[in-house]
Amino acid sequence: MEEFVVTPWEVRGKINYDKLVKNFGTKYIDESLLQKIKKLTGDLHFLLRRKIFYSHRDLDKLLNDYERGIPFYLYTGRGPSGHVHLGHLIPWILTKWLQDRFNVKLLFQITDDEKFLFKKTLSLEDALNYAYDNILDIIALGFDHRKTEIFIDTEYIKSLYKIALKVAKHLTYSTVKAAFGFDSSYNIGAIFFTAIQSAPAFIEYERNKRLINCLIPCAIDQDPHFRLTRDVAKVLKYPKPCLIHSKFFPSLSGLDKMSSSEEVSCIYVTDDEELVRKKIWKAVTGGRGTVKEQREKGGIPKNCSIFMYYYYLFEPDDNKLREIENKCKNGELLCGDCKEDLILRINKFLKEHRKKREKAKDLIDKYLVRD
RNA sequence: GGGGGCGUGGUGUAGCCAGGUUAUCAUGGCGGGCUCCAGACUCGCCGACCUGGGUUCGAAUCCCAGCGCCCCCA
């Protein structure tokens, strides 16, 4: 079997999520933890119910603290190397839900510096342009502007730099090399960068000078950064940030091909209706060779990228999702029809998103903070 | 500052030393066949020699310069 790779800069192969929990040393979000969240929020978001967010660090501790009156804030981010696709929305959707349910502040870091340093062909100017482009998508998701600060690293560096320095002083090249797999050919900006990504995890504590926890919802590939962040937190006498990790949104070109930012294997929020139709129509399914065979044996939803789209985003209702799954398995639902239905749902979603995105252009100043 | 390596389709590469048809292979993209779709399979297509000089009948290949990237030493 092909080996899989998960780092903040590369995700490929057929990912074994259990192995990640083991190798990274994180914990599963188990039933008792889910019940605890439900107790505090009143319900559970489907991304939690369905174990799409499946792993964590110290979420239990953070919730216990919360019950005892110790507040927390949310911190997540985006590396602006291109347009936003549907997969990027997963952590942000849960982040919004958490913001709403817990009524907490959110820091949203846009790492244009990172993408500039790590993407060979990306200029700093282009990264900044994508930053502003991507911010519209973030705002479109409906975060509460009174409790949300979005910042672009190159425009907010003064506020981040002192903390980043404190972090950097306690990270050696060997540590960073081991955490990220760097070799001698990496530029020195890349080596330093993780310190910048650590800063927002401590910034609220620095500002308030009183105990406040930080919760970071992110895809699990970002965990190596925050492992280092947590390590230095001890030394710097900061609270360790807590994390919840999501799985990756499946690729349309096959579930074991996770090169998710290939043009045709994902849907960009900027894709028009025809392009969505074309991409979904080309997507890999769990269907059988012929109608006859499909009717007799049924499809295999767990191998189907289309079903995964329902599962991850486009059918929040568990009963309705189960209905789709059953109809597929018993041969009642054919892939063509299933695709048509999904195309309608995606295009409906994107149409709404585009409207909100347009409106977001007038709202940027309410969210964006600069030095 | 010194020494060395490298630059070929979107990506990864072969070819370079010993210059010579239409530049290799894989992956990707596009189109067709087969499929309810897609995949698999199958047929076809698309797409590259860093730049500028020089040598030569002829340069990806040899020489010079430039640009860019990388490694080692200081």
Side-chain angles (χ1 to χ4, degrees), chain A residues 1-5 7 9-15 81-83 85-87 115-126 130 173-174 176-177 180-192 249-268 270-315 323-347:
Chain A
M1 179 189 275
E2 197 207 342
E3 207 34 60
F4 67 97
V5 176
T7 72
W9 300 286
E10 189 186 19
V11 176
R12 68 178 151 84
K14 187 172 171 55
I15 291 143
S81 57
H83 290 297
H85 63 63
L86 292 177
K115 290 303 167 188
F116 169 64
L117 290 167
F118 284 91
K119 289 256 171 179
K120 213 172 169 182
T121 55
L122 186 71
S123 73
L124 197 48
E125 291 71 25
D126 287 345
Y130 279 127
Y173 179 42
S174 301
V176 174
K177 205 161 69 169
F180 299 116
F182 293 165
D183 59 36
S184 312
S185 71
Y186 279 76
N187 67 68
I188 62 171
I191 294 157
F192 178 76
F249 196 63
S251 158
L252 287 172
S253 49
L255 299 184
D256 22 347
K257 294 179 192 164
M258 272 310 304
S259 49
S260 65
S261 22
E262 299 282 337
E263 279 292 325
V264 294
S265 63
C266 63
I267 306 278
Y268 288 89
T270 47
D271 289 350
D272 65 26
E273 298 200 356
E274 268 318 297
L275 192 52
V276 169
R277 168 168 297 277
K278 200 175 146 193
K279 284 180 176 180
I280 293 302
W281 211 246
K282 277 201 68 72
V284 175
T285 69
R288 306 284 178 174
T290 62
V291 172
K292 186 169 176 285
E293 204 187 342
Q294 179 85 358
R295 295 288 186 211
E296 282 166 7
K297 297 179 183 169
I300 309 167
K302 73 177 171 60
N303 292 342
C304 180
S305 70
I306 299 301
F307 181 72
M308 288 302 156
Y309 264 59
Y310 287 106
Y311 188 87
Y312 272 69
L313 266 183
F314 291 100
E315 186 44 86
E323 199 181 315
I324 293 169
E325 187 177 6
N326 288 337
K327 281 186 176 175
C328 173
K329 279 181 174 168
N330 68 25
E332 203 178 321
L333 181 60
L334 296 180
C335 299
D337 298 334
C338 190
K339 282 184 170 178
E340 281 295 353
D341 182 36
L342 181 64
I343 289 165
L344 292 178
R345 292 182 194 214
I346 293 175
N347 278 332

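Values below: every heavy atom of this structure, side chains too, minus hydrogens, waters and symmetry copies. Chain letters run A, B, ... following the sequence lines, proteins first and then strands; every chain starts at 1.
- Look at CD on E10(A): it is 12 Å from C1' on U11(B), rounded to the nearest Å.
- Distance CZ (R12(A)) to P (G28(B)): 15 Å, rounded to an integer number of Å.
- Residues passing the side chain to side chain contact (heavy atoms under 4.5 Å, CB included) test with E315(A) are Y310(A), D317(A), K320(A), L321(A), I324(A), R345(A), sequence neighbours excluded.
- Here the C1' atom of nucleotide A38(B) and the CD1 atom of I267(A) are 14 Å apart, to the nearest Å.
- For W281(A) and C37(B), the CH2 to C1' distance is 5 Å, given to the nearest whole Å.
- Residues R288(A) and K278(A) each lie close to RNA chain B; by heavy-atom proximity, the contact nearer the 5' end of the strand is made by K278(A).
- The closest donor-acceptor contact from the side chain of K339(A) to the backbone of A283(A) lies under 3.5 Å.
- Using Watson-Crick or G-U wobble geometry with both donor-acceptor distances under 3.5 Å, C62(B) finds its partner in G54(B).
- Using P as the reference atom, A60(B) and C16(B) are 14 Å apart when rounded to the nearest Å.
- Salt bridge E296(A)/K292(A): present, at least one basic N to carboxylate O contact under 4.0 Å.
- Of all nucleotides present, none satisfies the Watson-Crick or G-U wobble test against C17(B) with each distance under 3.5 Å.
- Across every strand in view, A74(B) sits unpaired, with no contact that passes the Watson-Crick or G-U test at under 3.5 angstrom.
- When the P atom of A40(B) is taken as reference, atom NZ of K282(A) falls 9 Å away, rounded to whole Å.
- Rounded to whole Å, the separation between the C1' atoms of C49(B) and C41(B) comes to 34 Å.
- Between C57(B) and C30(B), the distance separating the two C1' atoms is 40 Å to the nearest Å.
- Taking atom C1' on both nucleotides, G9(B) is separated from G47(B) by 5 Å, rounded to a whole Å.
- Under the 4.5 Å side-chain criterion, counting only non-hydrogen atoms from C-beta, W9(A) is in contact with F182(A).
- Under a 3.5 Å cut-off, the side chain of K14(A) and the backbone N or O of F4(A) do not form any donor-acceptor pair.
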**Report entry** Contact pattern, 5' to 3', of nucleotides 69-74 of chain B - B, S or - by protein heavy atom under 4.0 Å
**Finding:** -SSS--
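- Side-chain atoms of N187(A) come within 3.5 Å of backbone N or O of L117(A) as a donor-acceptor pair.
- The nearest whole Å value for the distance from the OH atom in Y310(A) to the C1' atom in C37(B) is 12 Å.
- As rounded to whole Å, 12 Å separates atom C1' of C36(B) from atom CD of E293(A).
- Taking atom C1' on both nucleotides, C71(B) is separated from C63(B) by 25 Å, rounded to a whole Å.
- Rounded to a whole Å, the CG atom of L333(A) is 11 Å from the C1' atom of C37(B).
- Going from the C1' atom of U11(B) to that of C46(B) covers 16 Å, rounded to whole Å.
- Under the Watson-Crick or G-U wobble criterion, with both distances below 3.5 Å, C49(B) has no partner in any strand shown.
- By the 4.0 Å N-to-carboxylate-O rule, R277(A) lies too far from E273(A) to be salt-bridged with it.
- One N or O on the side chain of S305(A) and one on the backbone of V284(A) form a donor-acceptor pair closer than 3.5 Å.
- When Watson-Crick and G-U wobble pairs are counted only if both distances are under 3.5 Å, C41(B) pairs with G33(B).
- Here, U55(B) and C45(B) have their P atoms 39 Å apart, quoted to the whole Å.
- In this structure, K339(A) reaches the bases: a heavy-atom distance under 4.0 Å links it to at least one base atom across the strands shown.
- Nucleotides G1(B) and U61(B) are separated by 29 Å at their P atoms, to the nearest Å.
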